[in-house]
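One structure below.
Below, all heavy atoms of this structure are taken into account, side chains as well, without hydrogens, waters or symmetry copies. The first residue in the sequence is number 1, and the count goes up from there.
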Amino acid sequence: VYKRQLQYPELLAQISTKDIFDSINTLLKSGKAADALPWLRRVQARSGTSRLEEPVLLKFAEIYYVLRENAKSRAYYREFLRDYPRSKLVPYALDRIGRLYLREGRFQDFLRISQRLRKEHPASAYTAAAVRLHGKELELHGRFREAIKEFQVFLQTYPQHSLVADVLWSSGWCYYQLQEHQSALNSFDKLIRSYPKAYHKDLAMYWAGRTAERMQRYARAAEYYTAVLKTGQQRTYLGELSRQALTRLKQQDPNLRVEFPANVATPLPFDKSLSFSTSAGQLHWQKSQELERLRLPGFAAEELALALEQEKGDLAAYLALARLYAQAGKYHELARLMQRHFWAWILRGDDNLPQEFWRLAYPLSFFEATSRYAADSALDPFLVQALMMAESLFDPQAVSPVGALGLMQLMPTTGDRLAAGLGLSDGMTEKLIEYEPFVLLAAFLAVHAALKLFSLYSMTCARAMAAACPPWPM
């Protein structure tokens, strides 16, 4: 539709500038930044002046920022700062320029922007973000003492900012690296108590346990490790580390009381019959049942999904929809549904869950083709499945903000190169989403090359770390 409207100016003339901006934002949210550019140029042409309006300038800068065309993006942000120096969005533009410098590894230029933000806009949320970014960059370079100073400035100046929990985590980690265990424990503990829903809470609980263990406060360490397991982390990486730590603590102090929480989740209603209270919900559910009897699981899934739109269903209804998605081969919808409604069970890994649950949670997408091409490339097909799930959640239509396409998120240039190497026809880039066998074959070749590169990179890093880096802190 967008392309058709652009091809016919008489249609475009009837669309308001506001509607065009809405279309641009829709394209950006859909990961189609490159497709948004022609629309924005149409808006620019409407103005009839050489000076770009404020929203147009910022939108050009944003699009090029998403496309990672750093020089163009920075040029538009600088033009905005020149033409609209009193705009309330000046801190935003400065923040973006600073982030572009960090992308390019130009730390001193980023610092210059950060200092300007602190001087001219000390109360801005973008200044707070720049202070945090400064600290994170110092942390990444192992300059932990300097990083802590930046984090302290952030916590003192912006105590109500939404990134406080993240900064507390980083502060604790830096203190731990410096072996200042009491300060590390204070930071971790404050995060755990004050921000129970924070992204880093589970990490903070585990590393609070490690910190207390280093301080030989074994009872307190056991409390933190047990808390990790009680959040449903038994089968996760942190959960396994916490179990090992509790066993280790018991060996250190045989009198220590150690609790291993039972790994039992709320039972799932696999065999519960469904019912809907609204007439619309009942009608869609009846249609779904009839379509399933006719062995049309895809259409049956659509009707059940419509029933669930009419009224919120229970877990039994979502399990029934998951089964229909699996039968219909709608792997993206299936994986998304399972992660949205059954994440607690996936994370906990209850021993009583049936095998069917795990087949739904980790479906085998296009497995026949996967196995065939993986065998040709000497790859484990389950590794390829895991990469497909991580890259696109099994969505063949996936398009990233920078233009990566398909199941394996191949960049068009990579697709063209692989197509040429395989002797396939020109213009394969446009078929990266539609042409499943090529997507898979090209992806496997790319993954095979990436694994070789990763192996070489790992060996190089291991040698460098062995020569230059201190041992990992325990």
**Asked** Do the charged groups of R323 and E356 touch, with an N to O distance under 4.0 Å?
**Response** yes
**Message:** Is any side-chain heavy atom of F382 closer than 4.5 Å to one of L364?
**Reply:** yes
**Request:** Examine F366 together with Y331 and report whether their ring centres are nearer than 6.0 Å.
**Result:** yes
**Asked** Does CG in D271 sit with more than 12 non-hydrogen atoms of other residues, nucleotides or ligands closer than 6.0 Å?
**Response** no
**Request:** Compare every heavy atom of L191 with every heavy atom of K201, then report the nearest pair and how far apart it is.
**Result:** CA-CD2, 3.8 Å
**Prompt:** Got a donor-acceptor contact below 3.5 angstrom from the D314 side chain to the A317 backbone?
**Reply:** yes
**Message:** Can you see whether Y176 has R210 sitting over its ring - NZ or CZ less than 6.0 Å from the centre and within 45° of the normal?
**Reply:** no
**Message:** As an exercise, state the distance from CZ of F110 to CG of L102, rounded to the nearest 0.5 Å.
**Reply:** 4.5 Å
**Prompt:** Should R243 and E240 be marked as a salt bridge (Lys or Arg N to Asp or Glu O under 4.0 Å) after you check the CA-CA gap, both sets of side-chain angles, and the distance that decides it?
**Reply:** CA-CA 5 Å; R243 283 183 173 277; E240 183 58 31; 5.2 Å; no
**Asked** Between E54 (side chain) and F80 (backbone), is there a donor-acceptor pair under 3.5 Å?
**Response** no
**Message:** Would you say that L306 contacts E309 through its side chain, given a criterion of any heavy-atom pair below 4.5 Å between the two side chains?
**Reply:** yes
**Request:** Tell me, yes or no, whether the heavy-atom count around K190 atom NZ, taken from other residues, nucleotides or ligands under 6.0 Å, exceeds 12.
**Result:** no
**Prompt:** Is the shortest heavy-atom distance from the side chain of W173 to the side chain of L203 under 4.5 Å?
**Reply:** no
**Request:** Answer yes or no: does atom CZ of F21 have more than 12 heavy-atom neighbours from other residues, nucleotides or ligands under 6.0 Å?
**Result:** yes
**For T247, all residues meeting side chain to side chain contact (heavy atoms under 4.5 Å, CB included), sequence neighbours excluded** = Q251, F260
**Request:** Examine distances only and state if a side-chain atom of E391 and a backbone atom of L407 form a donor-acceptor pair shorter than 3.5 Å.
**Result:** no
**Prompt:** Salt bridge between E333 and K330, side-chain N to carboxylate O under 4.0 Å?
**Reply:** no
**Request:** Report yes if some heavy atom in the side chain of E290 is under 4.5 Å from a heavy atom in the side chain of K287; otherwise report no.
**Result:** no
**Request:** Check whether any side-chain heavy atom of V164 sits under 4.5 Å from a side-chain heavy atom of F154, and report yes or no.
**Result:** yes
**Prompt:** Which value, rounded to the nearest 0.5 Å, describes the distance between S73 atom OG and F60 atom CZ?
**Reply:** 12.0 Å
**Message:** Please determine whether the number of non-hydrogen atoms from other residues, nucleotides or ligands lying under 6.0 Å from atom CZ of F270 exceeds 12.
**Reply:** yes
**Asked** Could you give the distance from CZ (R68) to CG (L100), rounded to the nearest 0.5 Å?
**Response** 9.0 Å
**Item:** Y325 six-ring centre to R336 NZ/CZ under 6.0 Å and within 45° of normal
**Value:** no
**Message:** Between E62 and K59, does any side-chain N to carboxylate O distance fall below 4.0 Å?
**Reply:** yes
**Message:** Check the orientation of Y77 and Y65. Use parallel for under 30°, tilted for 30 to 60°, and perpendicular for over 60°.
**Reply:** perpendicular
**Request:** May I ask you to decide if the ring planes of Y362 and W358 are parallel, tilted or perpendicular, using 30° and 60° as cut-offs?
**Result:** parallel
**Message:** Angle between ring planes, Y225 versus Y206, binned at 30° and 60°: parallel, tilted or perpendicular?
**Reply:** tilted
**Prompt:** Quick one: does H161's side chain get under 4.5 Å of R132's, heavy atoms only?
**Reply:** no
**Distance flag, aromatic centroids of F357 and W345, threshold under 6.0 Å** = no
**Item:** Modelled atom types, side-chain donor and acceptor of T278 and E311, under 3.5 Å
**Value:** yes
